[in-house]
Amino acid sequence: MTLLLVENLAKGFGGVCAVDNVSFRLEAGELLAMIGPNGAGKSTCFNMVNGQLRPDAGRVLLDGKNIVGLPPHDIWRMGVGRTFQIAATFGSMTAVENVQMALISREGLLYRMWRRADRHAREEAMSLLERVGMADQAERPCGILAYGDVKRIELAIALANRPKVLLMDEPTAGMAPKERIALMALTRDLAHENGIGVLFTEHSMDVVFGYADKLIVLARGKMIAEGDRDSVRDNPRVREVYFGAGKTAGLHA
Amino acid sequence: MSDSLLSVRSLTARYGAAQILFGIDLDLRAGEVVALMGRNGAGKSTTLKAIMGLLDQRSGDITFRDADISHLRPYEIARLGLGFVPEDRRVFSDLTVLENLEVGRRPARKNADGRLVDPWTPERLFELFPNLAEARRRAAGRMSGGEQQMLTVARTLMGNPYAILLDEPSEGVAPVIVDAMADMILALRSSGVAILLSEQNLPFASLVAARAYILERGEIRYSGSIDELRGNEEIRRAYLEV
Amino acid sequence: MSAAGLLVQLLNGLADASSLFLLSAGLSLIFGVSRIVNFAHGSLYMLGAYVAYSILERIGGTPLGFWGSVLLAALAVGAIGAMIEIVVLRRIYRTPELFQLLATFAVSLIVKDAVLAIWGIEDLLGPRAPGLAGAISILGRRLPQYDAMLILIGVVVLAGLHLLLTRTRWGVLLRAATQDRDMVGALGVNQALLMTSVFCLGAFLAGLGGALQLPREPANAGIDITAIGDAFVVVVVGGLGSIPGAFLAAVLIAEIKALCIALGTIALPFGLTIAFPKFTLVAEFVVMAVVLVLRPWGLLGKPQAAAVSAGPPETPLAPAGRAQKWLASAVFVALLLLPLLAGGNSYAIVLAIDIFVGVLFATSLHFIMGPGGMHSFGHAAYFGLGAYASALLLKAAGLPMPVALLLSPLGGGLGALLFGWFCVRLSGVYLAMLTLAFGQIVWSIVLQWDDLTGGSNGIIGVWPSAWLASKTTYFYLALVVCAACVLAIRRILFSPFGFALRATRDSSLRSEAIGIDVRRIQWIAFIVAGAFCGLAGGLFAFSKGSISPETISVSRSIDGLVMVLLGGVQSLAGPVIGAASFLVLQDQVARDFEYWRAALGVLILILVLAFPGGLVGALRFRLRRA
């Protein structure tokens with residue numbers, strides 16, 4: 001069965017169609033990149049898949065179950081993890097506490113009011129930090145970590161629930177080139193090891209063409225292309241609305 | 001009179017307890033495009049904001065058209081003819097395109113010889129940015145990311161600046177828009193506006209700028225022609241790639 | 001009731017709506033640009049009425065003199081508004097919104113004492129408008145001409161504001177500044193001037209509203225709080241920052257109130273009667289509740305962008321170290337010894353009981369405010385509900401005193417259960433305004449429900465059981481209960497629930513994305529805080545022997561905020577230290593200083609402008625530097 005199946009998704013804001021009839025599928029272990037100009041509807045698509053927005057039409061099937069209309073916190077419990085364009089972590093907690101928070105939530109212990117939270121599942125939290133290379137910074141508050149490190153913490157948080165699907169909105173925005181490569185390589189390894197399907201948006205072409213197995217291209221809310229790297233790269237319509245002549249993007253470099 | 005339009009000496013800036021800039025020196029001459037390059041967090045945006053007076057904690061000497069602007073507030077600096085285009089497309093989203101332009105409007109300026117320079121008007125700007133013309137009565141928030149990027153530039157031009165500080169025009173936009181931004185910068189240069197541009201993308205910078213500074217941890221580490229920079233792999237590797 | 005009577009009653013409602021609209025439009029305008037909810041707006045309205053009174057006395061005899069006086073009063077208030085902006089608000093645009101609310105509240109305290117000093121405590125009713133003293137006949141009913149004039153003025157001001165905002169450069173700049181103040185500055189616009197002019201206009205409108213209302217309602221030194229409560233409801237219902245929204249909401253609320261009055265007392269079968277006029281307050285609450293559930297940002301409002309958190313993020317919570325534990329134990333032992341040292345019935349014991357109650361009150365407020373990030377401006381509601389619950393259980397239900405005290409958390413908790421459900425749907429200043437409005441509603445209900453609550457007289461004879469009656473015994477009871485509760489709240493903060501609460505504050509986006517039901521966590525936090533606060537109220541009631549609606553007043557809510565801020569909102573010890581120092585200070589100052597409210601206002605301003613981190617924060621800063 002297809003891991004994540006999106007069918008005829010649509011959403012309008014005040015008469016303007018932000019996402020129009022978008023369909024795609026994501027298989028386990030696969031990295032799917034969603035690209036397109038700003039305002040093409042990529043974030044809106046993401047927000048509909050993880051429940052932050054309710055679509056006007058269409059279905060989102062996770063393992064065959066329709067998840068449209070569920071709130072984000074329920075969709076997370078069904079196995080959809082998410083990282084944000086601007087990394088969102090809990091700034092007043094240490095790195096390891098951030099991951100512990102996700103573990104506490106996974107085990108449904110959020111409403112306990114007595115036992116100390118910072119002693120809960122420490123080993124598992126540490127091993128997740130280890131996995132993203134952040135174990136040595138476990139005791140530092142997230143609020144003061146470097147941005148690239150915060151992105152790694154976000155990934156560790158997202159992994160805490162053993163997700164089936166990972167949604168990553170511009171995972172490498174604001175990172176240096178070498179960090180970008182490292183983060184995406186890590187993501188690919190995690191996806192392959194654990195059979196996680198990864199859907200991500202991205203503007204940096206080296207990341208897209210270096211790591212995506214498949215691409216879909218949105219423009220003004222509509223899907224204008226989908227396929228593997230080469231077919232999308234050579235698609236004339238995509239060249240016109242997205243890549244342009246490629247003078248500055250280093251596509252032909 | 002020095003030949004420098006904007007001259008920055010020993011500029012420092014801090015956010016709270018953290019010092020970000022440690023004595024920046026740089027110059028922008030009339031009519032030229034200069035790229036301020038460096039990695040994320042090197043201090044590029046901070047430099048532009050500090051010049052514009054948008055940071056409270058700054059020190060150093062900043063001279064613009066022979067006037068000391070290091071203690072002026074942003075609106076006073078803007079009125080002297082130094083424009084600022086922010087990196088994150090800060091359009092006024094509820095206002096129409098025309099209203100956005102109205103916010104930026106300032107009276108026409110005089111040349112060195114005392115003649116009035118033809119001021120920017122919405123109609124003149126629409127020739128430069130045809131996309132905006134079609135959307136003139138549309139709310140800015142309803143435009144695409146690329147159009148919004150264009151609008152922030154057009155809005156600043158309405159102030160008839162002698163020079164513009166342009167913050168990361170290529171960050172986070174589609175490659176096709178990046179190309180359009182490059183064309184636009186070249187058009188502005190030929191109309192006589194000087195531009196100091198913060199940028200990470202070397203192909204983009206070398207298309208539009210003749211000179212470059214490289215920032216690293218709040219200090220200038222390189223200053224010279226962009227062609228030399230392109231040829232010097234050692235510097236590139238040390239400060240631009242990681 | 002006849003159709004004609006209803007029509008006139010509805011027109012009356014429209015006249016009420018007019019001055020409500022002027023008041024709220026000013027508040028909305030000021031908020032739009034400055035992002036400051038101007039708590040002193042009610043004071044500006046009050047000043048409008050008083051200043052108009054004084055001018056009218058001199059030149060109000062002719063129509064020209066009357067309208068000239070009204071206009072002069074509004075202009076004077078506009079000038080005062082501009083002055084407030086220049087002296088106070090300009091310095092706090094970049095501080096957290098909580099501090100901004102407090103600073104404007106401090107201004108309102110100072111204004112209130114100034115009004116009392118200048119105009120005295122008597123109600124002052126203005127003269128009727130010359131030439132408009134008659135009435136218009138509508139289907140045989142009479143509508144005062146002045147009311148018709150008010151309706152007209154409301155519509156004219158709405159149209160004028162609309163033109164000003166859409167057709168002038170000033171309006172365009174103002175709307176731009178509403179979205180991005182700094183960017184407007186970087187484009188060459190003098191923000192400071194723009195802000196001052198907006199404050200001036202907003203204050204002018206408030207002053208106009210107050211001055212116009214004078215011939216209909218007497219001015220007294222209490223209308224500032226009533227006015228701000230009403231304005232908050234209107235603005236929340238209409239949508240913060242929307243002028244047409246303020247108009248719509250003002251009309252809606254005023255009309256529903258008018259309808260309640262028009263219906264009068266209606267006899268039902270089986271000898272029951274419903275007195276609709278008594279429901280005006282509840283009606284306001286119902287309107288607000290319905291609107292908030294359906295449209296959380298008000299009728300014509302827009303979702304607010306999440307507030308950019310000012311200042312550095314908080315440091316992670318650390319469990320108390322050995323030194324802290326020793327210190328706390330030493331303080332506790334010292335307190336145990338206090339009755340032996342000071343004498344069992346001394347003033348120190350009475351003050352100490354007040355302090356224990358205050359500490360629990362402030363700690364429960366801090367729980368939702370600090371770790372929860374929800375700024376409650378109506379925390380006294382839960383305090384009052386706890387106090388009234390235990391008093392009523394003792395007097396009306398005849399329960400033994402210890403049981404009544406033990407059940408007091410139920411009063412606060414149930415109130416928080418109801419109000420919290422609405423509050424957690426909002427955030428930031430919206431939430432703060434809503435909590436204040438709820439506080440006002442509880443206060444009004446208690447005041448008006450004579451049969452149950454004794455109205456303004458309150459309930460007397462609320463004394464502890466004989467074995468707890470001595471001051472010394474009650475001192476020990478209060479000490480033990482408060483210490484246990486403070487420790488329990490602390491414990492909760494380190495538990496999974498406490499972590500989840502902080503998580504919702506740090507990032508609600510991330511919280512939802514890891515399965516945390518943000519609203520439910522915040523709602524439960526409200527209930528927990530309400531329950532502890534209710535217990536504080538119960539302790540308070542039995543320590544005083546009587547309670548009155550003053551227990552629920554806005555000023556008590558604000559006292560709580562000052563206690564928390566004085567101690568420092570980022571510190572767990574903050575509310576304890578803050579409450580103790582505040583109460584000692586108040587005790588010293590209020591005893592022999594007539595203008596203690598103004599003094600408190602000045603204290604708050606100093607606190608906000610000079611020590612935003614509170615006492616504990618300032619102390620820590622010193623230690624780190626040393």
Side-chain angles (χ1 to χ4, degrees), chain A residues 47 50-52 71-121 139-145 153-154 157-158 160-161 163 167, chain C residues 302-303 305-306 308-320 367 370-373 487-525 527-529 531-532 569-572:
Chain A
N47 290 339
N50 96 318
Q52 258 170 272
H73 53 91
D74 285 340
I75 290 183
W76 177 79
R77 293 199 183 281
M78 299 176 69
V80 179
R82 165 136 199 205
T83 68
F84 295 95
Q85 183 175 354
I86 298 164
T89 56
F90 306 125
S92 76
M93 299 181 199
T94 63
V96 65
E97 284 171 349
N98 265 272
V99 182
Q100 284 173 299
M101 189 74 250
L103 294 171
I104 286 170
S105 174
R106 182 186 77 192
E107 276 149 50
L109 304 177
L110 287 171
Y111 300 98
R112 298 250 168 126
M113 297 204 186
W114 203 247
R115 292 248 304 275
R116 285 264 298 263
D118 56 344
R119 295 186 182 150
H120 181 85
E139 301 301 338
R140 299 187 69 202
C142 257
I144 63 164
L145 288 179
I153 300 294
E154 238 201 341
I157 295 172
N161 195 34
L167 303 174
Chain C
K302 285 191 185 146
V308 186
S309 77
E314 284 193 22
T315 46
L317 284 182
F367 181 71
L487 286 178
I489 290 175
R490 197 182 160 85
R491 180 92 202 188
I492 293 174
L493 284 176
F494 285 96
S495 74
F497 180 80
F499 268 56
L501 182 62
R502 278 194 296 138
T504 63
R505 175 201 63 188
D506 283 1
S507 168
S508 65
L509 199 62
R510 168 51 65 204
S511 301
E512 282 283 336
I514 59 165
I516 298 176
D517 187 338
V518 170
R519 279 183 185 169
R520 183 177 294 177
I521 294 277
Q522 291 180 332
W523 189 26
I524 293 175
I527 299 168
V528 170
F532 279 113
V569 76
Q570 296 212 353
S571 143
L572 295 188

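Throughout, protein chains are lettered first and strands after them, A, B, ... in sequence-line order, and every chain is numbered starting at 1.
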Would you say R510(C)'s side chain and T89(A)'s backbone share a donor-acceptor pair under 3.5 angstrom? no
Which of I492(C), I521(C), I516(C), V528(C) touches chain A most, by non-hydrogen pairs under 4.5 Å: I516(C)
Considering only heavy atoms from C-beta outward, does the side chain of R491(C) approach that of W114(A) to under 4.5 Å? yes
Any chance CZ of R112(A) has more than 12 other-residue heavy atoms, nucleotides or ligands included, within less than 6.0 Å? no
How close do P496(C) and A117(A) get, heavy atom to heavy atom, and via which atoms? N-CB, 3.5 Å
Side chains of S511(C) and H73(A), heavy atoms from C-beta outward: is any pair under 4.5 Å? no
Interchain contact, V518(C) with chain A, by part (heavy-atom threshold 4.5 Å): neither
Any side-chain to backbone donor/acceptor pair from S495(C) onto R116(A)? Under 3.5 Å, distance only. no
Assert top hit (heavy-atom pairs under 4.5 Å, partner chain C, pool H120(A), Q52(A), E97(A)) equals E97(A)
Region of N161(A) that comes under 4.5 Å of a non-hydrogen atom in chain C: neither
More than 12 heavy atoms of other groups within 6.0 Å of I86(A) CD1: no
Assert top hit (heavy-atom pairs under 4.5 Å, partner chain C, pool R77(A), R119(A), R106(A), Q100(A)) equals R77(A)
Among I514(C), D506(C), L501(C), which has the most heavy-atom pairs under 4.5 Å with chain A? I514(C)
With a 4.5 angstrom heavy-atom cut-off, is it the side chain or the backbone of L509(C) that approaches chain A, or both, or neither? both
Less than 4.5 Å apart, side chain to side chain, heavy atoms only: is that true for L110(A) and F499(C)? no
Beyond-backbone contact of R520(C) with Y111(A), side-chain heavy atoms, under 4.5 angstrom: yes
Is any side-chain heavy atom of M93(A) less than 4.5 Å from a side-chain heavy atom of R502(C)? yes
Working to the nearest 0.5 angstrom, can you tell me the gap between F494(C) CZ and M113(A) CE? 16.0 Å
